[in-house]
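Inspection log for the structure reproduced underneath, given as structure tokens.
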Protein chains: 2
Amino acid sequence: MVSTRNTRADVVATAGRMFAEKGYHGTSMRDLGRELGLLGSSLYSHIDSKEDLLVEVVDEGARLFLESAQRAMESSGTASEQLRALIGGHVEVVLDHQDVVRTYLNEARMLDDDHRSRVVESRDLYEGVFRDVISRGISTGEFKRDADPKISAIFILSILNALERWYRPEGELDRNAVTEAIYESAVASLS
Amino acid sequence: MVSTRNTRADVVATAGRMFAEKGYHGTSMRDLGRELGLLGSSLYSHIDSKEDLLVEVVDEGARLFLESAQRAMESSGTASEQLRALIGGHVEVVLDHQDVVRTYLNEARMLDDDHRSRVVESRDLYEGVFRDVISRGISTGEFKRDADPKISAIFILSILNALERWYRPEGELDRNAVTEAIYESAVASLS
DNA sequence: CCTACCGATCGGTAGG
DNA sequence: CCTACCGATCGGTAGG
């Protein structure tokens, strides 16, 4: 079979890819249809509105990060070990779901107030997991007593989220090396 | 005088602000005109095309960072001192030109290939200044021998560029504190 | 998923 | 900087 009908999941996935590349407002429904081999108007048999597509991609990004954090916290090791798991999980999400993540990071601000504030909540929740692990590491003496959990979490996440902008899988660093480099950098400034 | 005629500089500045908020494709010429108190079509007495506005804002961002790096390198202290000057300069540019910087960081990819590749060149040049200072610090023994200048520069710039996404001037950290925190984090992972 | 279409809006121009 | 307008494209719908 050379070509079959597209599923709703195909539409969402392709939307994620195009939103990541051209931006939400830079992608028309006709662009999206062309990429899928159908007309823009035919997309409306799968979805109700263009914004629905953005909501779905961004929600998936939020979910991927939160689920990754949950898995990392189930490992129940030292704070350093959990921080490593958090970083490794984030790297994995960014590299395995580049389009979703880019759309999540760069296009969520195009959502209406309601949807956007839900995304911000989810982002705060995720950041809170990093903060809490760092706080615990301070309590246990793994990290220095005057480390700032809030700022440290922001800095670590800044490095992690920037991966989307420069990391190329065909480059010198594999994902273990990049995880290691970010973890080492984090621990160095926490010690 | 309650209102006078807008200058070309007003148009470019307001475009920068709106591109930063709504994105290039999310801002129409009529939106921009409304913000300036005139019709969209009237903008064309100041400029030739919408893309001209994006080019000008993004070029200004590139220029601000390169000039900041130039000033930092004129200080001619130790590598650590120059790195501190680079970081302080970057923080200053981000906080004093938020709209230009946000447009530079997030909307440059909407430029056509020619303009975009010029921006990428300028960005590489700027990143190279960070790399070179770090390399010098390794040579002088200020930084550890197995530090990686390329990765370190990327991590420091990741933290610096993310400022645009979370820093609020009315928050707890003033710009000296944020410069200090980033510098400390950088030096910790370089030592 | 297509045909045929809708009103609204887009970037931009001519002429004043 | 406005008036008056252009062709193209936008998100979306009705009906099959």
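Just so it is clear: chains get the letters A, B, ... in the order the sequence lines come, proteins before strands, and each one is counted from 1.
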* Identify, with sequence neighbours excluded, every residue that meets side-chain hydrogen bond (donor to acceptor under 3.5 Å, both in side chains) alongside B:Asp59. => B:Arg118
Return a table of donor-acceptor pairs under 3.5 angstrom between the side chains of residues 91-98 of chain B and protein atoms on other chains or two or more places apart.
| unit_1 | atom_1 | unit_2 | atom_2 | d |
| --- | --- | --- | --- | --- |
| B:Asp96 | OD1 | B:Arg175 | NH1 | 3.1 |
| B:Asp96 | OD1 | B:Arg175 | NH2 | 3.0 |
| B:Asp96 | OD2 | B:Arg175 | NH1 | 3.3 |

* Give one of base, sugar-phosphate or nothing for A:Leu39, where a contact means two heavy atoms less than 4.0 Å apart. => base
For residues 30-37 of chain A, dump all side-chain donor-acceptor pairs below 3.5 Å to protein atoms at least two apart in sequence or in another chain.
| unit_1 | atom_1 | unit_2 | atom_2 | d |
| --- | --- | --- | --- | --- |
| A:Asp31 | OD1 | A:Ser28 | OG | 3.4 |
| A:Asp31 | OD1 | A:Arg34 | NH1 | 3.4 |
| A:Asp31 | OD2 | A:Ser28 | N | 3.1 |
| A:Asp31 | OD2 | A:Ser28 | OG | 3.3 |
| A:Glu35 | OE2 | A:Arg17 | NH1 | 3.3 |

* Structure fact -> Whole-Å distance, A:Leu43 CG to C:dC1 C1', equals 10 Å
* Asked: Can you give one letter per nucleotide of nucleotides 8-14 of chain C, 5' to 3': B if a protein heavy atom sits under 4.0 Å from the base, S if only from the sugar-phosphate, - if neither?
  -> --BBBB-
* To do: Please state whether the rings of B:Phe130 and B:His90 are parallel, tilted or perpendicular, taking 30° and 60° as the class boundaries.
  => perpendicular
* To do: Treating Ile, Leu, Val, Met, Phe, Trp and Tyr as nodes and any side-chain heavy-atom pair under 4.5 angstrom as an edge, say whether A:Trp166 and B:Ile159 lie in one connected cluster.
  => yes
* State which residues pass ring-ring contact (aromatic ring centres under 6.0 Å, His included) with A:Tyr24; sequence neighbours excluded, sorted by chain then number. => A:Phe19
* Asked: Could A:Arg63 and A:Glu56 be called an ion pair, given the rule that one side-chain N must be under 4.0 Å from one carboxylate O?
  -> no
* Structure fact -> Symbol by symbol from the 5' end, with Watson-Crick or G-U pairs under 3.5 Å, [ ] crossing and | another strand, DNA chain D is ||||||||||||||||
* Are A:Phe65 and A:Tyr104 close enough that their ring centers fall under 6.0 Å? -> yes
